[in-house]
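Working notes, beginning with the structure itself.
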There are 2 protein chains.
Amino acid sequence: MTTIYDIAKKTGFSITTVSRALNNYTDVSPKTKKLILEAVEDMHYYPNSVARTLSTKKSWALGIIFVEDLGIGMKHPFFNSVIEGFKKSVEQKGYDLIFLNRYVGGEKMTYLDHALHRGVDGIAVVSSNYDDVEVEKIIGSSLPNVIIDSHTSKSNVVYSDNMRGSELAVDYLYSLGHRNIAHISGHSKTFVGLERLRGFKSAVEKYQLHNSSIAEGGLFSVDGGYQAMKTLLQLENRPTAIFAAGDNLAIGAMKAIKDAGLNVPDDFSIIGFDDIELSGQISPSLTTIKQDMDKIGEQAAELLLQQINHKTDPTISIVPVELIKRETTKAIK
Amino acid sequence: MTTIYDIAKKTGFSITTVSRALNNYTDVSPKTKKLILEAVEDMHYYPNSVARTLSTKKSWALGIIFVEDLGIGMKHPFFNSVIEGFKKSVEQKGYDLIFLNRYVGGEKMTYLDHALHRGVDGIAVVSSNYDDVEVEKIIGSSLPNVIIDSHTSKSNVVYSDNMRGSELAVDYLYSLGHRNIAHISGHSKTFVGLERLRGFKSAVEKYQLHNSSIAEGGLFSVDGGYQAMKTLLQLENRPTAIFAAGDNLAIGAMKAIKDAGLNVPDDFSIIGFDDIELSGQISPSLTTIKQDMDKIGEQAAELLLQQINHKTDPTISIVPVELIKRETTKAIK
DNA sequence: CTGAAAGCGCTTACAG
DNA sequence: CTGAAAGCGCTTACAG
């Protein structure tokens, strides 16, 4: 590895001057700078970021944490898309992304301790879990952070307009003539599950739909939706439409309906929540509330970098959602 | 931030002794060690990994690189699952994962330069691209590395048994009575696309299926499969079965068949390659060649860590595939 | 069993 | 415009 000393030796300047030239200080003569930059090029030198970090206290690395105690897992397309958006945004500003976990060298530490140990400049937390001790610690720390898909007034948060999403779904079903609308809810320990449920209840209230029932769908899995739908199918007063808190739940419900020998959208209209890639590709394609994952990632990046650079106050960013009409919804006579 | 000096001051020992106690050196008296560890606990001290890295030349960080010039993108479920498996394996050994890109602080550098700059201990490259200058540089470097989904004899490589997968697919279709089998191939610039095509050709040769045709499916997208299938549908001598080089391609093909008013599996049997989550959930569910993504990730981790620790010779790890029989395949009379 | 000192590769006051 | 020196927070010969 070539170091700053090699460049100094080759050019005859001190490492101080080399460092200055490299960091675009103005008080280096153009001639000197040119010489140094040429040597840097020749010797294929890149400053060691570890040494730089040690002396500047700035790592140009951001930590990303998945709190997945509930076991939803990072394989869910939502998370990946959000991360992708986040990554793109921060890379542009020169930051690298580092996955933080709870184990370092075989020893268990908290996510926060790990972040501190690694010296990241900030943390993005993806936490579906409503109240988590680990996340509380991060929020309460002085390390800049942003929380995605959960809520707190003490830090930066980014999530979809879940309430509005539920409202859009019920509005649409109502406009199609449905009066008995059921909800397959997300896990009650998740922030988004609760919010979507709350939105559903408020919409149902608005239209005075006293028949509406709710089935617990659990952790946003296909199987959870399947089971919930089986419960709904046994109801005496069956719904004609189902709004599920996630696309996976909706897909599971569709399967249950099919297995019962019934049809979507003839017997049941269905709306999901997410708009994962799959939803447009299945048959019938799924009407759903689209979350703008890229935007969520970008927003998270923006809030986090803002805090890192200007120490702004905690900011809440609620990202708009959109109703995507497809084939699983149908007007009833 | 509390440092090793704080612990030294509090306990009255030198930083040398504190460091020794922390790193489990044997030549520290049990009593001293206990005192120091207590202080560490009390003061909530965690060693600064940046400083440690600077003095030991070991970062306990691994770089991960996506070469996605072709634009397949990291959102493809295959990559995410592989990364997940890789991540789990290396975390257990105390390594963190850091995403490497080509931009650092706004300036463009190669992936290798970035890795060197960051001081990672090794690199995992996910590269569908067959020959890539950047990847060549990494392979040719002295930094330990492993290449996933591409081939070279000069470094560690891990990929599925693509040839065997194609063979399994054709064998099965043949056993169902199909004699006119088409292949929707992956992009000819991708290693896996070429391998699966090669496997297909060899199987077709084995059974002397002179009718078999091939349609280019491009970059493993649903739309690519759709377009390829449209071509196949126009053939005078239509195939009765299609083996697609990816599940997305197969799903696209299914859509094209449906749009043409035809049916799977009645009019066409279809087999994909991947076994992405979606494949089991669509209707009809997709018969496919399952890749063991977790295993690929684990193998990559193992080879990389081996090279880091013992400087082993370049190793090729070919991960077995498996035929998953589902609803898109059917015997013909 | 313990400590003083040098060194890892940078940056940044301070001095000239 | 340039350089000598100190410092970032650790680890590791070397000495005792």
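Here is the naming used below: chain letters follow the sequence lines, and residue numbers restart at 1 for every chain. Only a predicted model underlies this, so the values are computations on that prediction, with no experimental measurement involved.
For B:Arg20, taking side-chain heavy atoms from C-beta onward, the closest of the listed nucleotides C:dT11, C:dT2, D:dT11 is C:dT2. Checking C:dT11, D:dT12, D:dT2 against every side-chain atom of A:Arg52, the shortest atom distance belongs to C:dT11. Distances were taken from every side-chain heavy atom of A:Tyr5 (C-beta onward) to each of C:dC1, D:dG3, C:dG9; the shortest belongs to C:dG9.
The residues B:Asp294 and B:Lys88 are annotated as not salt-bridged, no charged nitrogen and carboxylate oxygen being separated by less than 4.0 angstrom. Salt-bridge formation is not detected for the pair A:Lys137/A:Asp113: no Lys NZ or Arg NE/NH1/NH2 atom is positioned less than 4.0 Å from an Asp or Glu carboxylate oxygen.
D:dT11 atom P lies 12 Å from atom CD1 of B:Ile36, rounded to whole Å. Between the CG atom of B:Leu116 and the P atom of C:dG9 there is a distance of 13 Å, given to the nearest Å. Regarding B:His117, its NE2 atom lies at a distance of 20 Å from the P atom of C:dC8, rounded to whole Å. The nearest whole Å value for the distance from the CG atom in A:Leu54 to the P atom in C:dG7 is 17 Å. Rounded to a whole Å, the CD1 atom of B:Ile4 is 14 Å from the C1' atom of C:dA4. Computed from coordinates, the A:Asn24 CG to C:dT12 P distance equals 13 Å when rounded to whole Å. In this structure, B:Trp60 atom CH2 and D:dC10 atom C1' are separated by 16 Å, rounded to whole Å. For the pair A:Lys34 NZ and D:dT2 C1', the interatomic distance rounds to 19 Å; values are reported in whole Å.
For A:Phe78 and A:Phe220, the gap between ring centers reaches or exceeds 6.0 Å.
The aromatic rings of A:His117 and A:His114 lie tilted to each other, with the angle between the two planes from 30° to 60°.
Heavy-atom neighbours of B:Lys295 NZ from other residues, nucleotides or ligands within 6.0 Å: at or below the threshold of 12.
Pairing partner, C:dC1: D:dG16, with both Watson-Crick or wobble hydrogen-bond distances short of 3.5 Å.
Between B:Lys57 and B:Phe13, the residue anchored closer to the 5' end of DNA chain C is B:Phe13, taking for each the nucleotide with the nearest heavy atom. Between A:Ser55 and B:Ile15, the residue anchored closer to the 5' end of DNA chain D is A:Ser55, taking for each the nucleotide with the nearest heavy atom.
Taking side-chain N and O atoms only, A:Asn23 has a distance below 4.0 Å to OP1 or OP2 of C:dT11. Listed pair B:Tyr45 / D:dC10 meets the phosphate criterion, a side-chain N or O lying under 4.0 Å from OP1 or OP2. Taking side-chain N and O atoms only, B:Tyr25 has a distance below 4.0 Å to OP1 or OP2 of D:dT12. Between B:Ser14 and C:dG3, a side-chain N or O to OP1/OP2 separation shorter than 4.0 Å is present. Contact between the side-chain N/O atoms of A:Ser29 and the OP1/OP2 oxygens of D:dT2 is found at a separation under 4.0 Å.
A:Thr32 comes within 4.0 angstrom of the backbone, heavy atoms only, and of no base. Note on B:Asp27: a base of the nucleic acid sits closer than 4.0 angstrom, heavy atoms only. Contact annotation for A:Thr16: base contact, defined as any heavy-atom pair under 4.0 Å involving a base atom.
A cation-pi contact, defined as under 6.0 Å to the ring centre and within 45° of the axis, links A:Lys87 to B:Phe99.
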